[in-house]
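In what follows, a structure is listed as C-alpha coordinates, so that the remarks can point back to it.
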Amino acid sequence: MQSLGQGSRRRIVDVLTLSPPQEGIVVKGWVRTVRTSKQVAFLNVNDGSNLSGLQVVAGEDLENREEVGHLTTGSAVAITGTLVESPAKGQAVELRATAVEIVGKADPDYPLQKKRHGFEFLRTIAHLRNRTNTYGAVFRVRNALAHATHCFFQDRGFVYVHTPIITASDCEGAGELFRVSTLDPESPPRNDQGQIDWSQDFFGGSTYLTVSGQLDVETFALGMSDVYTFGPTFRAENSHTSRHASEFWMIEPEMSFCDLAGDCDLAEAYTKHLVTTVLERCAEDMAFFDERVEKGLVERLRAVAEASFERMTYAEAVRRLEGSGQEFEYPVYFGANLQAEHERHLTETLVGRPVFVTDYPREIKAFYMRRNDDDRTVAAMDLLVPKVGELIGGSQREERHDVLKAAIEAAKLPVEAYQWYLDTRRFGTTPHAGFGLGFERMVMYATGMQNIRDVIPFPRTPGNCLF
RNA sequence: UCCGGAGUAGCUCAGUCGGUAGAGCAGGCGGCUGUUAACCGCCGGGCCGGGGGUUCGAGUCCCUCCUCCGGAGCCA
(Lines give C-alpha, C1' and ligand atoms only; values in the text may rest on other atoms or scores of the structure.)
Protein backbone atom coordinates (compact mmCIF):
# COMPACT_ATOMS: atom_id res chain seq x y z
CA MET A 1 0.00 0.00 0.00
CA GLN A 2 1.36 3.38 -0.99
CA SER A 3 1.95 5.84 1.78
CA LEU A 4 0.32 9.26 1.57
CA GLY A 5 2.55 10.85 4.18
CA GLN A 6 4.44 14.08 4.05
CA GLY A 7 7.21 12.41 2.07
CA SER A 8 5.11 12.22 -1.07
CA ARG A 9 4.63 15.98 -1.36
CA ARG A 10 6.60 19.16 -0.92
CA ARG A 11 5.55 22.29 0.87
CA ILE A 12 5.02 25.17 -1.52
CA VAL A 13 7.15 27.49 0.60
CA ASP A 14 10.06 25.05 0.11
CA VAL A 15 9.40 24.52 -3.59
CA LEU A 16 9.69 28.27 -4.13
CA THR A 17 13.29 28.21 -2.91
CA LEU A 18 14.39 25.69 -5.55
CA SER A 19 16.18 26.90 -8.66
CA PRO A 20 14.38 25.92 -11.85
CA PRO A 21 14.09 23.73 -13.78
CA GLN A 22 13.13 20.90 -11.44
CA GLU A 23 11.26 17.88 -12.72
CA GLY A 24 8.93 15.60 -10.80
CA ILE A 25 7.81 18.12 -8.19
CA VAL A 26 4.69 17.11 -6.26
CA VAL A 27 2.61 19.71 -4.42
CA LYS A 28 -0.80 19.30 -2.85
CA GLY A 29 -3.12 22.01 -1.73
CA TRP A 30 -6.30 23.98 -2.31
CA VAL A 31 -7.21 26.00 -5.40
CA ARG A 32 -7.47 29.72 -4.69
CA THR A 33 -8.17 31.02 -8.19
CA VAL A 34 -8.69 29.56 -11.64
CA ARG A 35 -8.12 31.53 -14.82
CA THR A 36 -8.93 29.74 -18.03
CA SER A 37 -8.36 30.61 -21.63
CA LYS A 38 -8.64 28.42 -24.70
CA GLN A 39 -5.23 26.80 -24.47
CA VAL A 40 -4.11 27.15 -20.88
CA ALA A 41 -5.56 27.23 -17.42
CA PHE A 42 -3.80 28.88 -14.49
CA LEU A 43 -4.41 27.74 -10.96
CA ASN A 44 -3.15 29.43 -7.86
CA VAL A 45 -2.63 26.64 -5.36
CA ASN A 46 -2.07 27.24 -1.65
CA ASP A 47 -1.14 24.64 0.96
CA GLY A 48 -0.98 26.98 3.93
CA SER A 49 2.80 26.99 4.03
CA ASN A 50 3.02 30.55 2.76
CA LEU A 51 0.95 33.51 1.65
CA SER A 52 1.42 33.66 -2.10
CA GLY A 53 0.98 30.01 -3.04
CA LEU A 54 2.17 28.60 -6.34
CA GLN A 55 1.01 29.26 -9.89
CA VAL A 56 0.23 26.00 -11.65
CA VAL A 57 -0.04 25.95 -15.45
CA ALA A 58 -2.33 23.37 -17.02
CA GLY A 59 -1.51 23.21 -20.73
CA GLU A 60 -3.28 21.63 -23.70
CA ASP A 61 -1.26 18.44 -23.41
CA LEU A 62 -2.70 17.73 -19.98
CA GLU A 63 -5.01 14.72 -20.12
CA ASN A 64 -7.81 16.22 -18.00
CA ARG A 65 -7.19 19.82 -19.09
CA GLU A 66 -10.94 20.41 -19.65
CA GLU A 67 -11.88 19.26 -16.16
CA VAL A 68 -9.05 21.21 -14.57
CA GLY A 69 -10.20 24.38 -16.30
CA HIS A 70 -13.57 23.99 -14.59
CA LEU A 71 -12.17 23.47 -11.11
CA THR A 72 -13.86 25.64 -8.53
CA THR A 73 -12.18 27.71 -5.86
CA GLY A 74 -11.55 25.63 -2.76
CA SER A 75 -10.99 22.27 -4.46
CA ALA A 76 -8.17 20.09 -3.19
CA VAL A 77 -5.64 19.04 -5.83
CA ALA A 78 -2.42 17.07 -6.11
CA ILE A 79 -0.11 18.27 -8.83
CA THR A 80 2.95 16.70 -10.38
CA GLY A 81 4.99 18.85 -12.68
CA THR A 82 8.14 20.69 -13.59
CA LEU A 83 9.15 23.85 -11.77
CA VAL A 84 10.14 26.37 -14.45
CA GLU A 85 10.93 30.04 -14.68
CA SER A 86 7.73 31.95 -15.27
CA PRO A 87 7.62 33.78 -18.62
CA ALA A 88 5.04 36.23 -17.23
CA LYS A 89 5.28 38.87 -14.56
CA GLY A 90 3.81 38.25 -11.16
CA GLN A 91 5.88 35.29 -10.07
CA ALA A 92 9.45 34.10 -10.52
CA VAL A 93 8.62 30.44 -10.98
CA GLU A 94 5.61 28.31 -11.80
CA LEU A 95 4.75 24.64 -11.89
CA ARG A 96 4.06 23.27 -15.35
CA ALA A 97 1.71 20.41 -14.57
CA THR A 98 2.21 16.96 -16.06
CA ALA A 99 -0.60 15.53 -13.95
CA VAL A 100 -3.39 17.14 -11.93
CA GLU A 101 -5.26 14.85 -9.61
CA ILE A 102 -8.53 16.25 -8.32
CA VAL A 103 -8.50 15.05 -4.74
CA GLY A 104 -11.65 16.72 -3.44
CA LYS A 105 -13.90 19.05 -5.39
CA ALA A 106 -15.46 22.07 -3.75
CA ASP A 107 -19.20 22.41 -4.24
CA PRO A 108 -20.23 25.51 -6.22
CA ASP A 109 -21.54 27.16 -3.06
CA TYR A 110 -18.03 27.41 -1.56
CA PRO A 111 -18.32 30.67 0.33
CA LEU A 112 -14.84 32.07 -0.22
CA GLN A 113 -14.40 34.10 -3.35
CA LYS A 114 -11.55 35.65 -5.24
CA LYS A 115 -12.26 38.96 -3.60
CA ARG A 116 -12.11 40.65 -0.23
CA HIS A 117 -14.61 39.56 2.37
CA GLY A 118 -15.48 41.36 5.55
CA PHE A 119 -14.02 39.94 8.76
CA GLU A 120 -17.53 39.76 10.21
CA PHE A 121 -18.65 37.38 7.49
CA LEU A 122 -15.48 35.31 7.75
CA ARG A 123 -16.09 34.84 11.47
CA THR A 124 -19.29 33.00 10.55
CA ILE A 125 -17.20 30.51 8.58
CA ALA A 126 -14.31 30.13 11.01
CA HIS A 127 -13.85 26.54 9.81
CA LEU A 128 -12.90 27.82 6.34
CA ARG A 129 -11.34 31.20 6.98
CA ASN A 130 -7.81 29.82 7.48
CA ARG A 131 -7.86 29.42 3.69
CA THR A 132 -7.82 33.17 3.14
CA ASN A 133 -4.73 35.35 2.84
CA THR A 134 -5.33 37.30 6.03
CA TYR A 135 -6.22 34.43 8.33
CA GLY A 136 -3.57 32.13 6.91
CA ALA A 137 -1.03 34.83 7.74
CA VAL A 138 -2.54 35.42 11.19
CA PHE A 139 -2.31 31.78 12.13
CA ARG A 140 1.22 31.38 10.79
CA VAL A 141 2.26 34.39 12.89
CA ARG A 142 0.38 33.02 15.89
CA ASN A 143 2.25 29.74 15.49
CA ALA A 144 5.58 31.55 15.19
CA LEU A 145 4.85 33.54 18.36
CA ALA A 146 3.99 30.37 20.28
CA HIS A 147 7.16 28.70 19.10
CA ALA A 148 9.22 31.79 19.91
CA THR A 149 7.70 31.85 23.39
CA HIS A 150 8.86 28.34 24.14
CA CYS A 151 12.28 28.99 22.60
CA PHE A 152 12.76 32.15 24.64
CA PHE A 153 11.99 30.53 27.98
CA GLN A 154 13.56 27.17 27.24
CA ASP A 155 16.82 28.85 26.15
CA ARG A 156 16.91 30.59 29.53
CA GLY A 157 16.36 27.40 31.47
CA PHE A 158 12.73 27.98 32.40
CA VAL A 159 10.68 24.85 33.08
CA TYR A 160 7.33 24.63 31.30
CA VAL A 161 4.68 23.78 33.90
CA HIS A 162 1.23 22.55 32.87
CA THR A 163 -0.99 24.22 35.42
CA PRO A 164 -4.51 22.81 35.83
CA ILE A 165 -7.49 23.85 33.75
CA ILE A 166 -9.99 22.89 36.45
CA THR A 167 -9.51 24.67 39.73
CA ALA A 168 -11.23 24.62 43.08
CA SER A 169 -10.83 28.26 43.99
CA ASP A 170 -11.35 31.64 42.49
CA CYS A 171 -7.59 32.18 42.26
CA GLU A 172 -7.26 35.90 42.55
CA GLY A 173 -10.77 37.18 42.26
CA ALA A 174 -9.98 37.85 38.63
CA GLY A 175 -13.33 38.02 36.95
CA GLU A 176 -16.35 35.77 36.69
CA LEU A 177 -15.84 32.01 36.66
CA PHE A 178 -17.24 29.22 34.57
CA ARG A 179 -18.55 26.54 36.90
CA VAL A 180 -17.54 22.95 36.14
CA SER A 181 -20.17 20.50 37.33
CA THR A 182 -21.66 17.11 36.58
CA LEU A 183 -24.70 17.64 38.78
CA ASP A 184 -28.06 17.24 37.07
CA PRO A 185 -29.22 20.81 36.39
CA GLU A 186 -32.86 19.63 36.44
CA SER A 187 -32.69 18.33 40.01
CA PRO A 188 -29.43 19.07 41.82
CA PRO A 189 -28.99 17.67 45.33
CA ARG A 190 -29.92 20.17 48.00
CA ASN A 191 -28.99 20.65 51.65
CA ASP A 192 -31.29 21.36 54.60
CA GLN A 193 -31.50 25.02 53.68
CA GLY A 194 -32.58 24.16 50.15
CA GLN A 195 -29.31 25.34 48.61
CA ILE A 196 -27.52 23.26 46.01
CA ASP A 197 -25.18 20.83 47.76
CA TRP A 198 -21.98 21.18 45.80
CA SER A 199 -20.21 18.73 48.09
CA GLN A 200 -21.99 16.01 46.10
CA ASP A 201 -20.50 17.29 42.84
CA PHE A 202 -17.86 15.38 40.89
CA PHE A 203 -14.84 16.72 42.78
CA GLY A 204 -16.57 16.90 46.14
CA GLY A 205 -16.96 20.66 46.01
CA SER A 206 -17.34 23.63 43.70
CA THR A 207 -14.97 23.67 40.76
CA TYR A 208 -14.35 26.14 37.95
CA LEU A 209 -12.33 26.68 34.81
CA THR A 210 -9.09 28.47 35.60
CA VAL A 211 -8.81 32.24 35.34
CA SER A 212 -5.05 32.20 35.84
CA GLY A 213 -2.32 29.67 36.43
CA GLN A 214 -0.31 32.12 38.48
CA LEU A 215 -0.82 30.83 42.02
CA ASP A 216 -0.08 27.28 40.90
CA VAL A 217 2.97 28.27 38.92
CA GLU A 218 4.28 30.33 41.84
CA THR A 219 4.54 27.16 43.90
CA PHE A 220 6.69 25.63 41.17
CA ALA A 221 8.92 28.70 41.04
CA LEU A 222 9.46 28.21 44.78
CA GLY A 223 11.30 24.98 44.16
CA MET A 224 12.26 24.96 40.49
CA SER A 225 13.39 28.61 40.32
CA ASP A 226 12.42 29.73 36.81
CA VAL A 227 9.18 28.39 35.37
CA TYR A 228 6.39 29.38 33.01
CA THR A 229 2.94 28.26 32.05
CA PHE A 230 1.29 28.74 28.67
CA GLY A 231 -2.26 27.55 28.37
CA PRO A 232 -5.93 28.36 27.99
CA THR A 233 -7.68 30.62 30.46
CA PHE A 234 -11.39 31.28 30.91
CA ARG A 235 -13.39 34.30 31.98
CA ALA A 236 -17.18 34.35 32.13
CA GLU A 237 -17.30 38.14 31.90
CA ASN A 238 -20.10 39.55 29.79
CA SER A 239 -17.73 41.79 27.85
CA HIS A 240 -18.51 42.84 24.33
CA THR A 241 -15.30 44.36 23.12
CA SER A 242 -12.74 43.71 20.42
CA ARG A 243 -10.15 42.82 23.07
CA HIS A 244 -11.89 40.21 25.22
CA ALA A 245 -12.75 36.58 24.67
CA SER A 246 -14.21 34.06 27.09
CA GLU A 247 -11.43 31.59 26.26
CA PHE A 248 -7.95 32.88 25.60
CA TRP A 249 -4.35 31.80 26.05
CA MET A 250 -2.02 33.23 28.63
CA ILE A 251 1.70 33.04 29.22
CA GLU A 252 2.83 33.39 32.81
CA PRO A 253 6.51 33.19 33.74
CA GLU A 254 7.55 33.20 37.38
CA MET A 255 11.07 33.61 38.77
CA SER A 256 12.35 33.02 42.27
CA PHE A 257 15.10 35.22 43.73
CA CYS A 258 13.81 38.01 41.51
CA ASP A 259 12.48 41.50 42.14
CA LEU A 260 10.31 43.90 40.17
CA ALA A 261 13.21 45.33 38.15
CA GLY A 262 14.27 41.82 37.14
CA ASP A 263 10.67 41.11 36.19
CA CYS A 264 10.62 44.15 33.89
CA ASP A 265 13.94 43.07 32.38
CA LEU A 266 12.46 39.70 31.48
CA ALA A 267 9.25 41.20 30.09
CA GLU A 268 11.24 43.59 27.91
CA ALA A 269 13.58 40.90 26.59
CA TYR A 270 10.67 38.57 25.92
CA THR A 271 8.64 41.20 24.05
CA LYS A 272 11.63 42.11 21.90
CA HIS A 273 12.38 38.47 21.19
CA LEU A 274 8.84 37.88 19.94
CA VAL A 275 8.86 40.94 17.73
CA THR A 276 12.28 40.20 16.28
CA THR A 277 11.45 36.57 15.60
CA VAL A 278 8.21 37.27 13.83
CA LEU A 279 9.80 39.93 11.61
CA GLU A 280 12.46 37.44 10.60
CA ARG A 281 10.49 34.22 10.32
CA CYS A 282 7.25 35.60 8.88
CA ALA A 283 8.62 38.29 6.57
CA GLU A 284 6.12 37.67 3.76
CA ASP A 285 3.13 37.63 6.11
CA MET A 286 4.36 40.71 7.96
CA ALA A 287 4.77 42.61 4.69
CA PHE A 288 1.17 41.67 3.90
CA PHE A 289 -0.07 43.01 7.23
CA ASP A 290 1.99 46.14 6.72
CA GLU A 291 0.36 46.74 3.35
CA ARG A 292 -3.21 45.59 3.94
CA VAL A 293 -3.93 45.74 7.65
CA GLU A 294 -1.86 48.47 9.30
CA LYS A 295 0.40 50.80 7.39
CA GLY A 296 3.71 51.25 9.17
CA LEU A 297 3.36 48.07 11.20
CA VAL A 298 6.79 46.68 10.36
CA GLU A 299 8.48 49.98 11.15
CA ARG A 300 6.61 50.21 14.45
CA LEU A 301 7.71 46.72 15.47
CA ARG A 302 11.30 47.34 14.43
CA ALA A 303 11.34 50.39 16.66
CA VAL A 304 10.08 48.27 19.55
CA ALA A 305 12.82 45.72 18.96
CA GLU A 306 15.46 48.44 19.18
CA ALA A 307 14.04 50.89 21.72
CA SER A 308 14.79 50.64 25.39
CA PHE A 309 11.47 50.65 27.21
CA GLU A 310 10.76 53.58 29.49
CA ARG A 311 10.09 52.87 33.16
CA MET A 312 8.16 55.17 35.44
CA THR A 313 6.23 54.85 38.65
CA TYR A 314 2.47 55.14 38.77
CA ALA A 315 2.87 58.37 40.77
CA GLU A 316 5.00 59.85 38.02
CA ALA A 317 2.61 58.63 35.33
CA VAL A 318 -0.25 60.37 37.11
CA ARG A 319 1.83 63.57 37.38
CA ARG A 320 2.69 63.43 33.67
CA LEU A 321 -0.92 62.82 32.69
CA GLU A 322 -2.17 65.62 34.96
CA GLY A 323 0.39 67.99 33.51
CA SER A 324 -0.26 67.03 29.90
CA GLY A 325 -3.16 69.42 29.44
CA GLN A 326 -5.08 66.60 27.74
CA GLU A 327 -8.83 66.40 28.42
CA PHE A 328 -9.91 62.97 29.60
CA GLU A 329 -13.34 61.49 29.97
CA TYR A 330 -12.30 60.11 33.35
CA PRO A 331 -10.22 62.26 35.69
CA VAL A 332 -6.67 61.32 36.59
CA TYR A 333 -5.61 61.44 40.23
CA PHE A 334 -3.43 59.39 42.53
CA GLY A 335 -5.45 56.36 43.56
CA ALA A 336 -7.48 56.11 40.36
CA ASN A 337 -7.12 53.13 38.07
CA LEU A 338 -5.52 54.20 34.82
CA GLN A 339 -8.21 54.08 32.14
CA ALA A 340 -7.65 52.85 28.61
CA GLU A 341 -7.55 56.47 27.42
CA HIS A 342 -4.87 57.32 29.99
CA GLU A 343 -2.72 54.35 29.11
CA ARG A 344 -2.92 55.09 25.41
CA HIS A 345 -2.07 58.77 25.88
CA LEU A 346 0.88 57.91 28.09
CA THR A 347 2.50 55.38 25.79
CA GLU A 348 1.53 56.93 22.45
CA THR A 349 1.90 60.64 23.07
CA LEU A 350 3.81 61.37 26.27
CA VAL A 351 6.40 58.61 25.91
CA GLY A 352 6.10 57.49 22.29
CA ARG A 353 7.31 53.95 22.93
CA PRO A 354 6.62 51.04 25.28
CA VAL A 355 6.58 52.02 28.92
CA PHE A 356 6.51 50.12 32.21
CA VAL A 357 4.35 51.74 34.83
CA THR A 358 5.28 50.47 38.28
CA ASP A 359 4.32 50.75 41.93
CA TYR A 360 0.56 51.14 41.83
CA PRO A 361 -1.57 52.04 44.85
CA ARG A 362 -2.24 48.80 46.67
CA GLU A 363 -6.01 49.38 46.82
CA ILE A 364 -6.37 48.91 43.07
CA LYS A 365 -4.17 45.83 42.74
CA ALA A 366 -4.40 42.15 43.65
CA PHE A 367 -3.72 40.80 47.13
CA TYR A 368 -0.61 38.80 46.17
CA MET A 369 1.46 41.81 45.03
CA ARG A 370 4.32 42.77 47.31
CA ARG A 371 3.67 45.73 49.56
CA ASN A 372 6.28 48.47 49.21
CA ASP A 373 7.98 50.12 52.17
CA ASP A 374 5.86 53.26 51.72
CA ASP A 375 2.89 51.10 52.76
CA ARG A 376 0.61 52.67 50.13
CA THR A 377 1.90 51.09 46.91
CA VAL A 378 2.72 47.58 45.70
CA ALA A 379 5.51 46.29 43.47
CA ALA A 380 3.31 45.94 40.39
CA MET A 381 4.11 46.68 36.78
CA ASP A 382 2.11 47.07 33.58
CA LEU A 383 3.75 47.20 30.18
CA LEU A 384 1.89 49.68 28.02
CA VAL A 385 2.47 49.74 24.27
CA PRO A 386 1.21 52.08 21.56
CA LYS A 387 -1.96 50.99 19.75
CA VAL A 388 -2.86 48.21 22.16
CA GLY A 389 -2.43 49.61 25.65
CA GLU A 390 -1.71 47.08 28.35
CA LEU A 391 0.19 44.13 26.93
CA ILE A 392 1.69 42.66 30.09
CA GLY A 393 0.76 42.86 33.75
CA GLY A 394 3.05 41.58 36.47
CA SER A 395 4.40 42.06 39.94
CA GLN A 396 6.84 41.03 42.57
CA ARG A 397 4.86 38.72 44.82
CA GLU A 398 4.36 39.14 48.54
CA GLU A 399 6.79 36.61 50.01
CA ARG A 400 6.27 37.53 53.71
CA HIS A 401 3.81 35.10 55.26
CA ASP A 402 2.12 37.44 57.70
CA VAL A 403 1.80 40.33 55.27
CA LEU A 404 0.32 37.99 52.65
CA LYS A 405 -2.12 36.45 55.09
CA ALA A 406 -3.29 39.90 56.16
CA ALA A 407 -3.76 40.87 52.51
CA ILE A 408 -5.91 37.79 51.88
CA GLU A 409 -8.03 38.65 54.89
CA ALA A 410 -8.28 42.30 53.85
CA ALA A 411 -9.49 41.16 50.43
CA LYS A 412 -12.21 39.15 52.23
CA LEU A 413 -10.98 35.92 50.67
CA PRO A 414 -11.27 32.63 52.59
CA VAL A 415 -7.86 32.03 54.16
CA GLU A 416 -8.49 28.24 54.39
CA ALA A 417 -8.66 27.99 50.60
CA TYR A 418 -5.22 29.59 50.31
CA GLN A 419 -3.49 27.43 52.91
CA TRP A 420 -1.40 25.64 50.28
CA TYR A 421 -0.39 28.99 48.82
CA LEU A 422 0.52 30.40 52.23
CA ASP A 423 2.56 27.26 52.95
CA THR A 424 5.13 28.31 50.36
CA ARG A 425 5.75 31.44 52.47
CA ARG A 426 6.52 29.31 55.52
CA PHE A 427 8.76 26.72 53.90
CA GLY A 428 11.73 28.52 52.35
CA THR A 429 10.10 31.63 51.01
CA THR A 430 12.08 33.86 48.65
CA PRO A 431 11.48 37.08 46.79
CA HIS A 432 9.91 36.16 43.47
CA ALA A 433 8.20 37.87 40.58
CA GLY A 434 6.37 37.13 37.39
CA PHE A 435 3.95 38.45 34.83
CA GLY A 436 1.06 37.49 32.60
CA LEU A 437 0.73 38.10 28.89
CA GLY A 438 -2.53 37.59 27.03
CA PHE A 439 -1.31 35.70 24.00
CA GLU A 440 -4.03 37.03 21.69
CA ARG A 441 -3.09 40.60 22.66
CA MET A 442 0.42 39.82 21.47
CA VAL A 443 -0.86 38.34 18.21
CA MET A 444 -2.94 41.48 17.67
CA TYR A 445 0.04 43.67 18.46
CA ALA A 446 2.26 41.76 16.03
CA THR A 447 -0.21 41.61 13.15
CA GLY A 448 -2.08 44.89 13.51
CA MET A 449 -5.38 42.97 13.59
CA GLN A 450 -7.99 44.95 15.50
CA ASN A 451 -10.25 42.23 16.86
CA ILE A 452 -9.39 39.36 19.19
CA ARG A 453 -11.95 37.21 17.36
CA ASP A 454 -9.71 37.36 14.32
CA VAL A 455 -6.51 36.10 15.96
CA ILE A 456 -7.82 32.98 17.71
CA PRO A 457 -8.86 29.99 15.59
CA PHE A 458 -12.34 29.51 17.04
CA PRO A 459 -13.32 32.46 19.21
CA ARG A 460 -15.58 32.03 22.22
CA THR A 461 -17.43 35.17 23.28
CA PRO A 462 -20.68 35.74 25.20
CA GLY A 463 -23.50 34.14 23.22
CA ASN A 464 -21.14 32.58 20.71
CA CYS A 465 -19.56 29.14 20.89
CA LEU A 466 -19.84 27.71 17.39
CA PHE A 467 -17.57 25.19 15.71
C1' U B 1 -24.32 45.91 31.69
C1' C B 2 -24.27 51.17 29.49
C1' C B 3 -23.73 54.50 25.00
C1' G B 4 -23.61 54.80 19.66
C1' G B 5 -24.01 52.48 14.60
C1' A B 6 -25.73 48.70 11.21
C1' G B 7 -28.98 44.49 9.30
C1' U B 8 -31.36 44.60 1.27
C1' A B 9 -29.11 38.37 -3.63
C1' G B 10 -24.00 33.47 -1.59
C1' C B 11 -20.43 38.02 -0.67
C1' U B 12 -19.51 43.65 -0.85
C1' C B 13 -22.86 47.34 -1.23
C1' A B 14 -26.49 51.17 -3.78
C1' G B 15 -31.65 52.18 -3.34
C1' U B 16 -33.45 59.97 -4.22
C1' C B 17 -39.43 62.89 -1.71
C1' G B 18 -43.08 56.80 0.84
C1' G B 19 -44.94 54.82 -5.51
C1' U B 20 -43.67 47.58 -9.11
C1' A B 21 -35.98 45.40 -6.07
C1' G B 22 -30.49 47.22 -8.39
C1' A B 23 -24.96 46.83 -9.44
C1' G B 24 -20.23 44.47 -8.99
C1' C B 25 -18.24 39.98 -7.55
C1' A B 26 -19.38 34.69 -6.76
C1' G B 27 -22.20 30.44 -9.33
C1' G B 28 -23.89 28.01 -14.37
C1' C B 29 -23.13 28.13 -19.84
C1' G B 30 -20.34 30.09 -23.95
C1' G B 31 -16.10 33.02 -25.93
C1' C B 32 -10.96 34.59 -25.58
C1' U B 33 -2.92 33.53 -28.08
C1' G B 34 0.21 33.20 -21.05
C1' U B 35 -3.52 34.77 -17.12
C1' U B 36 -2.35 37.78 -12.23
C1' A B 37 -8.80 40.02 -7.68
C1' A B 38 -7.85 38.22 -15.87
C1' C B 39 -11.29 39.89 -19.57
C1' C B 40 -16.14 39.76 -22.89
C1' G B 41 -21.39 37.88 -23.56
C1' C B 42 -25.78 35.33 -21.71
C1' C B 43 -28.54 32.93 -17.54
C1' G B 44 -30.35 31.72 -12.67
C1' G B 45 -30.72 33.98 -8.00
C1' G B 46 -34.64 38.31 -2.79
C1' C B 47 -39.44 36.66 4.01
C1' C B 48 -35.37 44.07 2.17
C1' G B 49 -33.40 40.62 10.36
C1' G B 50 -38.50 39.15 13.23
C1' G B 51 -43.16 41.13 15.01
C1' G B 52 -46.55 45.20 15.36
C1' G B 53 -48.25 50.11 13.67
C1' U B 54 -49.17 54.70 10.35
C1' U B 55 -50.67 54.96 5.06
C1' C B 56 -54.50 54.05 -0.85
C1' G B 57 -49.37 52.29 -0.86
C1' A B 58 -43.48 50.97 3.52
C1' G B 59 -36.79 48.50 1.94
C1' U B 60 -37.81 53.78 3.08
C1' C B 61 -41.71 56.68 8.61
C1' C B 62 -42.99 55.09 14.05
C1' C B 63 -42.81 51.26 18.17
C1' U B 64 -40.70 46.76 19.81
C1' C B 65 -37.61 42.50 19.89
C1' C B 66 -33.29 39.87 17.92
C1' U B 67 -28.43 39.71 15.92
C1' C B 68 -23.89 41.88 14.59
C1' C B 69 -20.25 45.95 14.81
C1' G B 70 -17.69 50.08 17.41
C1' G B 71 -16.74 52.38 22.17
C1' A B 72 -17.01 52.24 27.73
C1' G B 73 -16.76 49.34 32.15
C1' C B 74 -14.41 44.61 33.75
C1' C B 75 -9.80 42.83 32.49
C1' A B 76 -5.52 39.77 29.65
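The chains referred to below are lettered A, B, ... by the order of the sequence lines, with proteins before strands, and numbering in each begins at 1.
Distance alone, capped at 3.5 Å, places no donor-acceptor pair between the A:Arg453 side chain and the A:Glu120 backbone. A:Ser49 contributes a side-chain N or O that, together with a main-chain N or O of A:Val13, makes up a donor-acceptor pair within less than 3.5 Å.
Evaluation of atom-type donor-acceptor distances gives no pair under 3.5 Å for the side chain of A:Arg243 against the base of B:G71. The base of B:C74 sits within donor-acceptor range of the side chain of A:His244, with an N or O pair under 3.5 Å. Remark: the A:Arg441 side chain and the B:C75 base include a donor-acceptor N/O pair separated by less than 3.5 Å. Between the side chain of A:Glu94 and the base of B:G34, a donor-acceptor pair under 3.5 Å is found.
Across all strands, A:Gln91 comes closer than 4.0 Å to base atoms (heavy-atom distances). In this structure, A:Tyr330 reaches the sugar-phosphate backbone alone: every heavy-atom distance under 4.0 Å involves primed, P, OP1 or OP2 atoms, never a base. Contacts of A:Asn238 with the nucleic acid, taken as non-hydrogen atoms under 4.0 Å apart, include base atoms. Within the nucleic acid shown, A:Thr72 comes within 4.0 Å of sugar-phosphate atoms alone, with no base atom in reach, counting heavy atoms only.
The stretch residues 448-467 of chain A touches RNA chain B through A:Asn451, A:Ile452, A:Arg453, each having a heavy atom under 4.0 angstrom from the strand.
Closest to the A:Asn337 side chain, of the nucleotides B:C32, B:C75, B:G34, is B:C75. The A:His70 side chain lies nearest to B:C29 when the options are B:G73, B:G34, B:C29. The nucleotide whose nearest atom lies closest to any side-chain atom of A:Ala88 is, among B:A38, B:U36, B:G34, B:U36. Considering only side-chain atoms of A:Glu237, the nucleotide from B:G71, B:C74, B:G27 that sits closest is B:C74. Of the candidate nucleotides B:U12, B:U35, B:G34, B:U12 has the atom lying nearest to any side-chain atom of A:Phe121. With B:U33, B:U1, B:A76 as the choices, the nucleotide that has an atom nearest any side-chain atom of A:Gln39 turns out to be B:U33. Residue A:Gln55 has its side chain nearest to B:U36 when only B:C32, B:A72, B:U36 are considered. You'll find that the side chain of A:Gln113 is closest to B:G10, out of B:A72, B:G27, B:G10.
For the pair A:Thr134/A:Arg292, no side-chain contact is recorded, criterion being any heavy-atom separation below 4.5 Å from C-beta on.
Annotation: cation-pi pair A:Arg131/A:Tyr110 absent, no NZ/CZ under 6.0 Å from the ring centroid and within 45° of its normal. A:Phe439 does not carry A:Arg142 over the face of its six-membered ring by the limits of under 6.0 Å from the centre and within 45° of the normal.
Applying the Watson-Crick and G-U wobble criteria (two distances, each under 3.5 Å), B:C2 pairs with B:G71. The partner of B:U16 is absent, by the rule that a Watson-Crick or G-U pair needs both atom distances under 3.5 Å. Pairing for B:A38 is absent, with no Watson-Crick or G-U wobble pair whose two atom distances lie under 3.5 Å. B:U55 makes up no base pair with any nucleotide shown, lacking Watson-Crick or G-U wobble contacts both under 3.5 Å.
Surrounding CD of A:Gln326 are more than 12 heavy atoms belonging to other residues, nucleotides or ligands, all under 6.0 Å away.
Between the side-chain ring of A:Phe42 and the base of B:G34, no stacking contact exists by the 5.5 Å and 30° definition.
Ring pair A:Phe356/A:Phe309 is tilted by interplanar angle, where 30° to 60° counts as tilted.
Comparing A:Val57 and A:Gly118 by the nucleotide of RNA chain B whose heavy atom lies nearest to each, the residue mapping closer to the 5' end is A:Gly118. In this structure, A:Gly90 and A:Arg123 both approach RNA chain B, and ranking their closest nucleotides by distance from the 5' end singles out A:Gly90.
In this structure, the ring of A:Phe152 has its center no less than 6.0 angstrom from the ring center of A:Phe158.
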